[in-house]
Protein chains: 2
Amino acid sequence: MRDKQHLKLSKNQALVYEALSQASKPVGAYDLLDQLKAHGLKAPLQIYRALESLIELKVVHRLESLNAWTTCCDADHDSAPIFVICDDCGDVKEHIDTGLNRSIEKISKRSGFTAERPIVEIHGRCGDCSPKTN
Amino acid sequence: MRDKQHLKLSKNQALVYEALSQASKPVGAYDLLDQLKAHGLKAPLQIYRALESLIELKVVHRLESLNAWTTCCDADHDSAPIFVICDDCGDVKEHIDTGLNRSIEKISKRSGFTAERPIVEIHGRCGDCSPKTN
DNA sequence: AAATTAATGTTATAAAGTTACCTTGTTAGC
DNA sequence: GCTAACAAGGTAACTTTATAACATTAATTT
Ligand SMILES: [Zn+2]
Ligand SMILES: [Zn+2]
Ligand SMILES: [Zn+2]
Ligand SMILES: [Zn+2]
């Protein structure tokens, strides 16, 4: 978590971050809103603004294929986060993998492209949900 | 394109596939609808249903981070398509890369996960749009 | 031809995200 | 302490994206 402890978050940012931290899976913006209505939040924009700044601070990631957000795994990474998503139980894990990141760099450079925001989201079945083949 | 020539598409499927083929970039569902209103289509669902079946047939991919669809590059691939997306000019290219696919397999197996639908979308700047460093 | 399956048509509605405009706090120079 | 500059917040209206529900028609199989 590096110095995420020392992050000075505004009220709404802190509320949204806290809600994401306590969730066991990524959460959608309107779900966050529902939860945080109890704390006085009223409009989608309050959620979206908080999420945007938390992403800027690199403590939250957006899952493009789920329209949902989750806290960073705390690996203090510069490279692309890799999300492994079980379509059965909804479990999501964040991985950091230098090999995959090298591949992304290679593919990009080969075509003169500058990778700025690589998105890797692997859908499938986790160990618990996969049919056992024994 | 393998035998995409020989695909028997229904009327709506053919219309949507044709529209995507002629576009130079991925196209959103409502943009497709606007275009195809001239051909009698009227409702979003007609577009979404056609897209769904075209994806099933593996001739179209959805770009999760763009909410848009594009035709397959015709590489007749089993492995994950990798999209390289210029956030400046909107250009999108599909790549197939065995190295990256091996990384995805490795990461998955390591945690007992079965990858079924890997999503890789690399945002950044293409060669034409990158600031030249000379 | 009857049964089955795939594709369509249409309306209404849900879910996700943004624009516009205005108000309130916080910080930094004076 | 005053004030300019800026970051954060509040609210309403709205746009964009996607799906549910239900009825109909076309193509395929038996
Ligand atoms: Zn992370
Ligand atoms: Zn699972
Ligand atoms: Zn493809
Ligand atoms: Zn470009």
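Letters A, B, ... are given to chains in the order of the sequence lines, protein chains preceding strands, and every chain is numbered from 1. Computed from a prediction, not measured in an experiment: that's the story for all the values here.
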### Task
Please assess B:Phe83 against A:Ile119 for the test side-chain contact (heavy atoms from CB on, under 4.5 Å), listing each intermediate value before the final yes or no.
CA-CA 10 Å; B:Phe83 291 99; A:Ile119 294 164; over 6 Å; no

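What separates CG of A:Leu66 from C1' of D:dA18 is a distance of 15 Å, to the nearest Å. Atom-to-atom, CD of A:Glu52 to P of C:dG17 comes out at 13 Å; the value is rounded to the nearest Å. Remark: P of D:dG10 and CG of A:Leu15 are 10 Å apart, rounded to the nearest angstrom. Per the geometry, CG belonging to A:Leu51 stands 14 Å off P belonging to D:dA8, to the nearest Å. Remark: C1' of C:dA14 and CG of A:Leu33 are 15 Å apart, rounded to the nearest angstrom. For B:Leu54 and C:dT8, the CG to P distance is 10 Å, given to the nearest whole Å. Remark: C1' of D:dG10 and CD of A:Gln13 are 15 Å apart, rounded to the nearest angstrom. Between B:Leu9 atom CG and C:dT8 atom C1' there is a gap of 15 Å when expressed in whole angstrom units.
Here B:Asn12 does not reach the OP1 or OP2 of C:dA7: none of its side-chain N or O atoms lies under 4.0 Å away. Residue B:Gln46 places at least one side-chain N or O under 4.0 Å from the OP1 or OP2 atom of C:dG9. The phosphate of C:dA7 (OP1 or OP2) has no side-chain N or O of B:Ser53 nearer than 4.0 angstrom. For the pair A:Arg62 and C:dG17, the criterion of a side-chain N or O lying under 4.0 Å from OP1 or OP2 is met. A sub-4.0 Å separation between OP1 or OP2 of D:dT11 and a side-chain N or O of A:Lys42 is present.
Salt bridge status for A:Asp97 with B:Arg110: present, with a side-chain N to carboxylate O gap under 4.0 Å.
A continuous path of Ile, Leu, Val, Met, Phe, Trp and Tyr side chains, each step under 4.5 Å between heavy atoms, connects B:Val60 with B:Leu33, placing both in one hydrophobic cluster.
We find that the ring of B:Tyr48 and the base of D:dT19 do not stack by the test of centres under 5.5 angstrom and planes tilted less than 30°.
Atoms OG and CD1, from B:Ser103 and A:Ile104 in turn, are 9.0 Å apart once rounded to the nearest 0.5 Å.
Nearest-nucleotide assignment on DNA chain D puts the 5′-proximal partner with B:Trp69, out of B:Trp69 and B:Arg49. In terms of position along DNA chain C, the nucleotide closest to B:Ser10 lies nearer the 5' end than the nucleotide closest to the other residue of the pair B:Ser10 and A:Ala68. For the pair B:Lys11 and A:Pro44, both in contact range of DNA chain C, the more 5′-proximal nearest nucleotide belongs to B:Lys11.
A donor N or O paired with an acceptor N or O is not found under 3.5 Å between the base of C:dA14 and the side-chain atoms of A:Tyr30.
Using a 4.5 Å heavy-atom threshold, the side chains of A:Arg62 and A:Leu51 count as separate.
Distance from the side chain of A:Leu45 is smallest to C:dT18 among D:dA8, C:dT18, D:dA18.
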